[in-house]
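What follows is a set of notes on a single structure, which appears directly below.
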Protein chains: 2
Amino acid sequence: MTDHPPRTRIQQRNRETILGAALEVFSQHGFRGATLDQIAQAAGLSKPNLLYYFPSKEAMHEALLAGLMDTWLAPLRALDPGGEPLDEILGYVHRKLLLSRDFPRESRLFANEILQGAERIRPTLEGELKTLVDQTAAVIAGWAREGRIAPVDPYHLIFSIWALTQHYADFDVQVRAVLGAGKDDPFDGADRYLATLFRRLLTP
Amino acid sequence: MTDHPPRTRIQQRNRETILGAALEVFSQHGFRGATLDQIAQAAGLSKPNLLYYFPSKEAMHEALLAGLMDTWLAPLRALDPGGEPLDEILGYVHRKLLLSRDFPRESRLFANEILQGAERIRPTLEGELKTLVDQTAAVIAGWAREGRIAPVDPYHLIFSIWALTQHYADFDVQVRAVLGAGKDDPFDGADRYLATLFRRLLTP
DNA sequence: GTCTATAGAAGGATAGAC
DNA sequence: GTCTATCCTTCTATAGAC
């Protein structure tokens, strides 16, 4: 017994193809800007065939968002309150940057959602996300109180990690326009820069 | 003789009303997600009346973007190569944060545009913006070479200033969801946090 | 200048053949 | 399961009265 009706291999494969195409299109145009025609073309399927696998455009979008939040919060969950403070925070920054590098479309899907009011995920932000951030902020505040890192507002510290890592995915076009064509991968430079930044910020 | 045909006061006022409404709607839904109905309602005018003042939806969007880039780059242009390095950079951070606080809709309009591929402003990014950043990066690199600030990649420094300041406007919904209702203005905390961050990063 | 009415195109979703 | 054809709604833009 599973949560969902059993699916053949071909059904499973098509659902994944469609979700991949939907991610591509939604992340580039936002929910309202995306069209089923674009998704169908990206998936190599007909428009009605999309709607055989998902009841609506909305359902595709929800399916993408549902899986996203856990992936996005995993690096923060992996922060160990018992570890060495600076290593833990630098490790979080590094993991979050890798996530932006390897899943830029997911990052942009999320950014589109927040930017446009987050109506579909506001409950998650105010619930699950806030709870996790509150816990982590308490840990970081404890480290600062013990003098193991320099004193710093833990909430703004977390915001700054999000802003700095996601910037390279969400504003990729601008970053590459400014750096020019012949440069290294922006993410390599970012990794070194961010390690330096947070080391200098947090070293007591 | 002016660049444009003369306009009555009422025409001028209506154009501004429409652009204000368009900014509200475009910044929240992106270009394709916005509708003329929404803009008309926000402006308190009929839909055909909008199209009496602007030839198309596209024209409204372009009018907004045209004015935006200069406003957005002004704080960077105000950075004085002859000034005290740390003060100049901290001053830039502060001005940029104020801009995000006072013009969050403009920030989100810009973010929507970049996020969705920046097709309408890519030439400006690769031309005017890149030139200005290259010049500023050279100034900052010089300061670092002279030991007046700590060594740091000037391009990633500028990216980090953009990311950190615009985050509070673009991801406002998420910031407020995490901080909860009863807290201070996020921008107050951000101002103090960012000053600390860049001071610790850049003090030699 | 501003409106009502509507043309014409595009988009989401369904019917029904295969 | 997958397609063609099509319905119905929404959207941009225009026509034309006032």
Side-chain angles (χ1 to χ4, degrees), chain A residues 4-66 109 112-113 116-117 119-120, chain B residues 2 4-65 109 112-113 116-117 119-120:
Chain A
H4 302 283
R7 293 198 183 97
T8 65
R9 265 183 303 280
I10 195 168
Q11 277 175 327
Q12 192 58 39
R13 200 176 59 81
N14 274 345
R15 278 183 62 93
E16 284 164 16
T17 301
I18 291 169
L19 284 180
L23 174 59
E24 184 70 28
V25 177
F26 283 138
S27 66
Q28 197 163 5
H29 301 291
F31 177 74
R32 293 186 56 181
T35 71
L36 288 182
D37 277 318
Q38 290 173 306
I39 298 172
Q41 181 163 15
L45 297 169
S46 71
K47 199 161 50 166
N49 207 2
L50 259 55
L51 295 166
Y52 171 79
Y53 287 97
F54 293 89
S56 68
K57 178 185 175 184
E58 178 80 35
M60 295 176 206
H61 195 243
E62 277 176 13
L64 286 171
L65 285 180
L109 179 73
N112 262 303
E113 194 60 21
Q116 302 184 5
E119 290 190 17
R120 301 159 215 272
Chain B
T2 61
H4 301 284
R7 294 199 181 94
T8 67
R9 267 184 300 280
I10 195 168
Q11 277 176 327
Q12 194 56 40
R13 201 177 57 82
N14 274 345
R15 277 182 63 92
E16 283 164 16
T17 301
I18 291 169
L19 285 180
L23 174 60
E24 184 70 27
V25 177
F26 283 139
S27 67
Q28 196 162 7
H29 300 293
F31 178 74
R32 293 186 56 181
T35 71
L36 290 181
D37 275 318
Q38 292 172 305
I39 298 172
Q41 180 164 16
L45 297 169
S46 72
K47 201 161 44 167
N49 208 3
L50 261 54
L51 295 166
Y52 172 79
Y53 287 96
F54 293 88
S56 67
K57 176 184 174 183
E58 178 79 35
M60 296 176 205
H61 195 243
E62 277 175 14
L64 287 171
L65 285 179
L109 180 73
N112 262 303
E113 195 59 22
Q116 302 184 5
E119 289 189 18
R120 299 160 216 270

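Residue numbering restarts at 1 for every chain, and letters A, B, ... go by the order of the sequence lines. Any value given below was found using the heavy atoms of this structure, including those in side chains, with hydrogens, waters and symmetry copies removed.
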Worksheet entry | Electrostatic pair B:R120:B:E62 at N-O distance under 4.0 angstrom |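 Judged by the 4.0 Å cut-off on N to carboxylate O distance, B:R120 and B:E62 do not form a salt bridge.
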In terms of side-chain heavy atoms of [X], which of [options] is nearest?
X: B:D37; options: D:dC11, C:dG1, D:dG1; answer: D:dC11
X: A:L51; options: C:dA13, D:dC3, D:dA13; answer: C:dA13
X: A:L36; options: C:dG1, D:dT12, C:dA13; answer: C:dA13
X: B:K47; options: C:dG11, D:dC3, D:dT12; answer: D:dT12
X: B:T35; options: D:dT2, D:dC11, D:dT14; answer: D:dC11
X: B:Q11; options: D:dG1, C:dA13, C:dG1; answer: C:dG1

Atom [atom1] of [X] and atom [atom2] of [N]: how far apart are they, to the nearest Å?
X: A:Q12; N: D:dG1; atom1: CD; atom2: C1'; result: 16 Å
X: A:K57; N: D:dT10; atom1: NZ; atom2: P; result: 14 Å
X: B:Y52; N: D:dG16; atom1: OH; atom2: P; result: 18 Å
X: A:R9; N: D:dG1; atom1: CZ; atom2: P; result: 11 Å
X: A:F31; N: D:dT10; atom1: CZ; atom2: P; result: 14 Å
X: A:E58; N: C:dG11; atom1: CD; atom2: P; result: 18 Å
X: B:L45; N: C:dG1; atom1: CG; atom2: P; result: 13 Å
X: B:F54; N: C:dG1; atom1: CZ; atom2: P; result: 14 Å

Worksheet item: How do A:R32 and A:G44 order along DNA chain D: which one's closest nucleotide is nearer the 5' end?
Response: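 The 5'-side residue here is A:G44.
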Practice prompt. Would you classify B:Y53 as touching base, sugar-phosphate or nothing, given that sugar-phosphate means primed atoms plus P, OP1 and OP2, and contacts are heavy atoms under 4.0 Å?
Written response: sugar-phosphate
Worksheet item: Contact class for B:A59 (heavy atom, under 4.0 Å): base, sugar-phosphate, or nothing?
Response: nothing
Side-chain N or O of [X] less than 4.0 angstrom from OP1 or OP2 on [N]?
X: B:N49; N: C:dT4; value: no
X: B:S46; N: C:dC3; value: yes
X: B:S56; N: D:dT14; value: no

Worksheet item: Would the number of heavy atoms belonging to other residues, nucleotides or ligands and lying under 6.0 Å from CD of B:Q41 be above 12?
Response: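 No, the 6.0 Å shell around CD holds no more than 12 heavy atoms from other groups.
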Worksheet entry | B:E58 CD: over 12 foreign heavy atoms closer than 6.0 Å | yes
Discussion item. Once rounded to the nearest 0.5 Å, what's the spacing between atom OH of A:Y52 and atom CD1 of A:I18?
Written reply: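 It is 10.5 Å, given to the nearest 0.5 Å.
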Worksheet item: Of the non-hydrogen atoms in A:R32 and B:H29, which two are nearest, and what is the gap between them?
Response: NH1-ND1, 3.8 Å
